[in-house]
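Below is one structure, written out as structure tokens; comments come after it.
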Protein chains: 2
Amino acid sequence: MLIRSLEMFTAVVETGSFSAAAERLHTVQSNVTAHIKKLEAELEVSLLSRRTPVAPTPAGHQLLDYARRIGALHAQARACFRADGEPAGELRLGSMETTAAVHLPRLLTTFARRWPSIAVHLRTGTSAELIEALRAGQLDAAFLAVEGEEGDDLLMKPVFEERLVLVSGRPLQGGLPDRQTLSRTPFLAFRQGCGYRQTVEMLLAGQRAPAPRIHEFGSLDAIVGCVAAGMGVAVLPESAVGQYRQRFQLHIAELPDDLARVTTVIASTPKGTWSRALAVFMEGEWMPEARSVA
Amino acid sequence: MLIRSLEMFTAVVETGSFSAAAERLHTVQSNVTAHIKKLEAELEVSLLSRRTPVAPTPAGHQLLDYARRIGALHAQARACFRADGEPAGELRLGSMETTAAVHLPRLLTTFARRWPSIAVHLRTGTSAELIEALRAGQLDAAFLAVEGEEGDDLLMKPVFEERLVLVSGRPLQGGLPDRQTLSRTPFLAFRQGCGYRQTVEMLLAGQRAPAPRIHEFGSLDAIVGCVAAGMGVAVLPESAVGQYRQRFQLHIAELPDDLARVTTVIASTPKGTWSRALAVFMEGEWMPEARSVA
DNA sequence: GTGCTTTTATCACTGGAAATGATTTTTTAA
DNA sequence: TTAAAAAATCATTTCCAGTGATAAAAGCAC
């Protein structure tokens, strides 16, 4: 059973004639006859009563229902991939918690308003998890922080320049505490795989002292809340801390420049693999061009 | 875009490998490769990232959705026509008002209980209308009264032997009134095309006197109600009148045998055109075999 | 890295079916 | 009855799905 045969069948019923159907589908009448006969042979039932106009038999009427639904899906599917049609379907995005909290609300609102027939799915996770999901085809694109490991099978485009800071619930006189102090302070961080967590580890690198306890949290709100409560300190993007400073008494210390600067990129599979929905997302004006977030 | 190609695509994603997909679909791996490449060429986008296991690209994920839906419809459609599968879909029945009122409630209840996945549609109309609808492919089968015009393109099977009677709201002394009286009495009947109406006309045939007024009603209830109210007389199947005799004061007169006997048949297109739903309806035990309804 | 295995891509070839155009048969309308 | 229109049939061409063999590429173990 070919889609083409079903198309022909639908056309014959709708035009009421084999010849008219042939013309509509830009083929010849004998070809239409052959396709219908093939369908009838395959299903072992007569589908059309050959009077004028041609009328579907009971079995034909039943097939017509399926033919129309399959035809509609087929047309929709093709339309989804044509460069001119309205992009539709779902766009599966991934993001780090911090980016989701700080940058995505505005960005996605704009996007969803511009393309109402695209359904955005957002999944948060650590950079490592997101990259894996991208590779496994579970995500279309993801916002993540990586050290410029460009050049492999993933396309990465910088979108935000962030500054990491040390956040504490208690006053930090003299800026960043020394390593001795830090190594005795509990850290609050996202679970293994988060890009920022590497910064924590680098901050403490080269020490013989035992690594400080690192509490793992899955949510930005939880981290900030517990830091404010004095549970420990955290390394977070400055922009992510800002919105909490009204609610909590937070103290911030700058990190050395080489550790502080992190780049958030939008990562996706190469251009030739994009769905139309992904293409308009990646190329739209809502996608900032390495905008520095001071 | 062939259904087969979409099937292969789905199989590749689900098995995670071209070779495994080929095996599942009983073909060779090179054939699968060719089909996928053809799809990719047609849609001008890469659909699968060739790692191990094979993963769909964003575009591939979008196509997968359509491929699965089209595949499911295709399987359903084929199942609908296989002689062993559960018949499904809609069964479009037609019936005269009287048959619908008297015989169908029990018959259709039994049928619907036996075949829960068949949706019955019932349309009432005159015998002439039903035959036309049958020929136009708008109905699968219809209960109607005709004078044995078998042998053409419609299959007819007698199912009920009815007795027509004259019904009046006033006492009918001496049975059937004479023609003189009848020609002065208003008749209530279904609109043109009803088989019973021919009986009325035959009853009055051969008269020079002007034909009596014939009021046309679309509903059995309306006819009986108005007859009881004394508006006129009607010719109806005895079985159809029975259920009203508790509610109304009705008087009945026998008609001459040649006029009284009518046969209700089930009509449909020939066997080779039946849907599975129609087949089980026509061949089931609920279909009475010319049962006489005294 | 080197070899070994698994998987995919490429290629030439074959069979069969889709498409075509001409013609016949059937149906419909005049 | 005839003329016109539509569907079926048929011979022919074209194209493509499917095959098997082989090459290339990707994993995987060591």
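These numbers were taken from a predicted model, which means no experiment stands behind them. Letters A, B, ... mirror the listed sequences (proteins, then strands); counts begin at 1.
With sequence neighbours excluded, no residue satisfies salt bridge (Lys or Arg N to Asp or Glu O under 4.0 Å) with B/Glu90. Taking A/Val280 as the reference, A/Pro87, A/Phe111, A/Trp115, A/Ile118, A/Arg276 meet the side chain to side chain contact (heavy atoms under 4.5 Å, CB included) condition, with sequence neighbours excluded. The side chain to side chain contact (heavy atoms under 4.5 Å, CB included) search around B/Ala100 returns B/Ser95, B/Leu104, B/Leu122, B/Thr124, not counting sequence neighbours. Applying the salt bridge (Lys or Arg N to Asp or Glu O under 4.0 Å) criterion to B/Lys271, with sequence neighbours excluded, gives B/Glu283. B/Arg123 meets the salt bridge (Lys or Arg N to Asp or Glu O under 4.0 Å) test with no other residue; sequence neighbours excluded. Among residues two or more places apart in sequence or in another chain, the salt bridge (Lys or Arg N to Asp or Glu O under 4.0 Å) test is passed with B/Glu97 by none. For the side chain to side chain contact (heavy atoms under 4.5 Å, CB included) test, residues two or more places apart in sequence or in another chain that qualify with A/Thr263 are A/Pro158, A/Glu161, A/Val265.
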Which pairs, protein N/O on one side and nucleotides 13-17 of chain D N/O on the other, fall under 3.5 Å?
{"residue": "D/dA17", "atom": "OP1", "partner": "B/Lys38", "partner atom": "NZ", "Å": "3.4"}

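To the nearest angstrom, P of C/dT8 lies 15 Å from CG of B/Leu47. Between the CD atom of A/Glu7 and the P atom of C/dA19 there is a distance of 10 Å, rounded to whole Å.
With a 4.5 Å cut-off on side-chain heavy atoms, B/Leu6 and B/Leu63 count as touching.
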Protein proximity profile, nucleotides 7-12 of chain D - base contact B, sugar-phosphate-only contact S, no contact -, cut-off 4.0 Å on heavy atoms
BBBB--
Under 3.5 Å, sequence neighbours excluded: what are the donor-acceptor pairs made by side chains of residues 78-86 of chain B?
{"residue": "B/Arg82", "atom": "NE", "partner": "B/Asp84", "partner atom": "OD1", "Å": "3.0"}
{"residue": "B/Glu86", "atom": "OE2", "partner": "B/Ser117", "partner atom": "OG", "Å": "3.2"}

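Applying the side-chain hydrogen bond (donor to acceptor under 3.5 Å, both in side chains) test to residues at least two apart or on different chains, the pairs with a partner in residues 37-48 of chain B are B/Glu40-B/Arg50.
Rotation axes derived from the C1' atoms of the five outermost pairs at either end of the helix from C/dG1-D/dC30 to C/dA30-D/dT1 lie 50° apart, to the nearest 10°.
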